[in-house]
Each structure stands twice: as C-alpha cells, then as structure tokens.
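Right, one structure below, let's go through it.
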Amino acid sequence: MRKTMYCGLYSNNQFTVAPNCDVYKCWEHVGQEEHLMGKIDENGNLRVTYAYYDWMSVDPLKNAECSECVYLPVCGGGCGVVSYNETGTYHAKGCFKVKGTIEKQVLKYVEEITKANIDPLNYCDCKGGCGKE
C-alpha cells in the first residue's frame with residue numbers, strides 16, 4: 001500500500017462495487033469497461049483485471065512532475081480519475097484541489113494565531129495536559 005495517498009481508493013481494500021458485482025476503484029468510472037478492476041464471482045472472490053494492477057502500481061515518485069512538486073507529501077500524486085481523464089493513464093499527475101487550498105489553510109492559521117496573539121512555537125490546542133495549552 002502507498003504511504004501517502006490523496007484518496008483512500010489507492011489502498012488495497014477500498015472499492016466501488018456495482019449492483020452486478022463489477023468492481024471499480026472509483027465511483028466516477030462505474031460502468032466504463034476500461035476502468036473495470038474486476039468482478040466478484042459466484043463464490044465471493046474478486047477476480048481482478050489488468051486495470052487493477054495498473055491503478056495500484058501508480059508511483060508518483062516515478063513521475064517527474066510529481067517527484068519535484070512541493071505538494072507531493074500532501075497529495076501523494078493526486079486523483080487517479082483526474083489523471084486518467086486528462087492524460088489517458090493513471091500514471092500521470094492528478095492535481096486536484098490541493099494547490100491553492102494549502103496556501104489558504106496556512107494563511108487562515110496564521111491569521112487566527114495572529115488575531116489571538118498566540119506564540120505559534122508554544123501553541124497547542126489538544127487540551128490534553130501537554131503543558132502548552
């Protein structure tokens with residue numbers, strides 16, 4: 001399993017299952033044959049297709065754009081659906097709602113601690129007795 005993931009659907013055990021027992025990684029691709037990851041057989045076993053291995057073998061460190069991107073630790077390569085829809089492969093960057101959002105979150109945090117006159121190096125909101133509250 002990947003250590004950093006944009007989406008839980010990159011994990012080994014999360015799927016989208018259609019009523020006919022077709023298995024996909026993402027609900028965005030349900031019904032699209034090229035994205036069929038497998039099928040649940042009459043014994044309840046998952047019979048995977050090549051698409052499953054293709055999806056699960058994505059490694060953002062092997063993608064030049066991703067491996068050099070400062071957002072990689074947060075997004076893990078992004079969304080496989082965005083990647084495929086834009087490039088025809090799961091192995092390209094899948095930038096989606098990460099760039100820009102992080103900056104806004106950091107600015108909001110800085111505004112909050114500045115308004116509250118809080119020392120960010122000694123601030124903790126865990127309320128768990130760490131001594132910094």
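Note that these values count all heavy atoms, side chains included, but never hydrogens, waters or copies made by symmetry.
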Side chain to side chain donor-acceptor pair (under 3.5 Å) against N85, all qualifying residues, sequence neighbours excluded: none

Worked check of side chain to side chain contact (heavy atoms under 4.5 Å, CB included) between Y52 and Y24: CA-CA 8 Å; Y52 171 79; Y24 300 86; over 6 Å; no

Any residue meeting ring pair (Phe, Tyr, Trp, His ring centres under 6.0 Å) with Y71, in chain and number order, not counting sequence neighbours: none

All side chain to side chain donor-acceptor pair (under 3.5 Å) counterparts of E112, not counting sequence neighbours: K108

Any side-chain heavy-atom pair of W55 and H35 under 4.5 Å: no

Residue pairs involving residues 28-37 (criterion salt bridge (charged side-chain N to carboxylate O under 4.0 Å, His left out); sequence neighbours excluded): none

Connected via hydrophobic side-chain network under 4.5 Å: V23 and Y50: no

Working for side chain to side chain contact (heavy atoms under 4.5 Å, CB included), residues L61 and N63: CA-CA 5 Å; L61 293 174; N63 178 306; over 6 Å; no

Partners passing side chain to side chain contact (heavy atoms under 4.5 Å, CB included) against V106 (at least two apart in sequence or in another chain): I102, V110

Between NZ on residue K93 and OG on residue S67, distance to nearest 0.5 Å: 13.0 Å

Hydrophobic cluster membership, Y53 vs I40, 4.5 Å side-chain cutoff: yes

Inter- and intrachain pairs under salt bridge (charged side-chain N to carboxylate O under 4.0 Å, His left out), touching residues 61-82, at least two apart: none

Of all pairs that satisfy salt bridge (charged side-chain N to carboxylate O under 4.0 Å, His left out), the ones with a partner from residues 36-48, not counting sequence neighbours: D22-K39, D41-R47

Residues D54 and H91: side-chain donor-acceptor under 3.5 angstrom: yes

Whether K25 side chain and Q14 backbone form a donor-acceptor pair below 3.5 Å: yes

Would you mind writing out the side-chain donor-acceptor pairs for residues 72-83 within the sub-3.5 Å range, not counting sequence neighbours?
{"unit_1": "S83", "atom_1": "OG", "unit_2": "T89", "atom_2": "O", "d": "2.8"}
{"unit_1": "S83", "atom_1": "OG", "unit_2": "Y90", "atom_2": "O", "d": "3.4"}
{"unit_1": "S83", "atom_1": "OG", "unit_2": "A92", "atom_2": "N", "d": "3.2"}
{"unit_1": "S83", "atom_1": "OG", "unit_2": "A92", "atom_2": "O", "d": "2.9"}

